[in-house]
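Written out below as structure tokens is the structure these notes cover.
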Amino acid sequence: MMKSLSLFAFFCIISVAAASTAYPSVPGLDSGDCGLTGDETLLVPPRREVYDAGRIFDISHKYTPELPVWESKEGLANFLWLAVSMKNGSRANGSAMQIGAHTGTHVDAPGHFYDNYFDAGFDVDSLDLRLLNGLTLLVDVPRDTNITAEVMKSLNIPKGVNRVLFRTLNTDRRLMFKKEFDTSYVGFMEDGAKWLVENTDIKLVGNHTCGRP
Ligand SMILES: *[C@@H]1O[C@H](CO)[C@@H](O)[C@H](O)[C@H]1NC(C)=O
Ligand SMILES: *[C@@H]1O[C@H](CO)[C@@H](O)[C@H](O)[C@H]1NC(C)=O
Ligand SMILES: *[C@@H]1O[C@H](CO)[C@@H](O)[C@H](O)[C@H]1NC(C)=O
Ligand SMILES: CC(=O)N[C@H]1CO[C@H](CO)[C@@H](O)[C@@H]1O
């Protein structure tokens with residue numbers, strides 16, 4: 001038992017250093033908190049965002065009632081409830097939730113934009129897991145523009161790079177922490193997306209990939 005405790009403490013130190021430089025943490029989530037208080041009677045859930053000294057990052061946003069929802073002012077609101085509870089005599093606590101599949105950190109299925117793909121059953125399970133996991137290039141996009149063909153060209157992303165996470169003005173504006181959906185978010189313009197497909201080896205794009213008309 002003691003051995004596994006010190007291992008947790010070790011991970012914790014690493015994640016504090018790495019998380020502060022690599023990814024804006026979720027507010028209210030202290031990534032330095034490794035769930036150990038020294039007092040073993042006090043239970044604190046371990047929540048880590050960085051693993052193995054930066055080999056794996058958890059970049060998902062926490063689902064909270066304030067998380068923005070597409071074109072809504074209300075945010076996610078009461079999406080989670082205790083359907084059965086021990087306090088009411090059940091053997092276990094069981095939560096239920098209701099959210100749109102396009103909410104928070106998610107991947108778009110091929111059927112999201114193409115009806116024929118939807119009808120043919122191209123759901124997220126049809127995506128290649130090898131593509132969804134692995135080495136990813138984090139690229140900073142100039143903050144005064146949407147992602148156009150010209151911007152894509154200027155980023156000079158080398159051939160052979162398959163996964164790219166685009167960090168944009170959205171991050172600086174902390175849009176994912178604003179309850180009211182903000183339509184002025186930065187995203188790919190159609191010519192930017194076309195340039196990417198025609199001139200790079202990128203197969204996985206992180207963040208806003210919705211083409212603007
Ligand atoms: C179980 O549900 C009760 C409410 O009925 C709650 O007070 C308690 O914290 C829950 N326990 C766990 C382990 O989630
Ligand atoms: C327990 O059951 C009562 C009566 O059905 C209900 O009003 C209450 O919300 C329930 N509490 C929980 C935690 O499930
Ligand atoms: C990106 O495009 C959106 C929609 O046209 C616009 O509201 C926003 O201001 C643009 N952002 C930048 C930085 O140009
Ligand atoms: C990695 C990255 O750029 N994430 C950003 C995606 O866009 C939201 C806003 O919609 C930002 O809050 C994220 O930081």
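Everything quoted here is computed from the prediction, not taken from an experiment. First listed ligand is number 1; within each ligand, the first listed atom is number 1. Counting begins at 1 with the first residue of the sequence.
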Val205 to Leu196 - nearest heavy-atom pair and separation: CG2-CD1, 3.7 Å

Has ligand 3 got any nitrogen or oxygen that is less than 3.5 angstrom from a nitrogen or oxygen of Asn146? yes

For Leu131, the rest of its hydrophobic cluster, which grows through side-chain links under 4.5 angstrom: none

Would Val164 and Leu155 show up in the same hydrophobic cluster when neighbours are defined by side-chain heavy atoms closer than 4.5 Å? yes

So the atoms of ligand 3 within less than 4.0 Å of a heavy atom of Asp144 turn out to be 13 (C), 14 (O)

Counting heavy atoms under 4.0 Å, the part of Thr183 that contacts ligand 3 is neither

Using the ring of each side chain (for Trp, its six-membered ring), is Phe79 parallel, tilted or perpendicular to Tyr63, with breaks at 30° and 60°? tilted

Of all the atoms in ligand 3, which lie at a distance below 4.0 Å from a heavy atom belonging to Ser184? 7 (O), 8 (C)

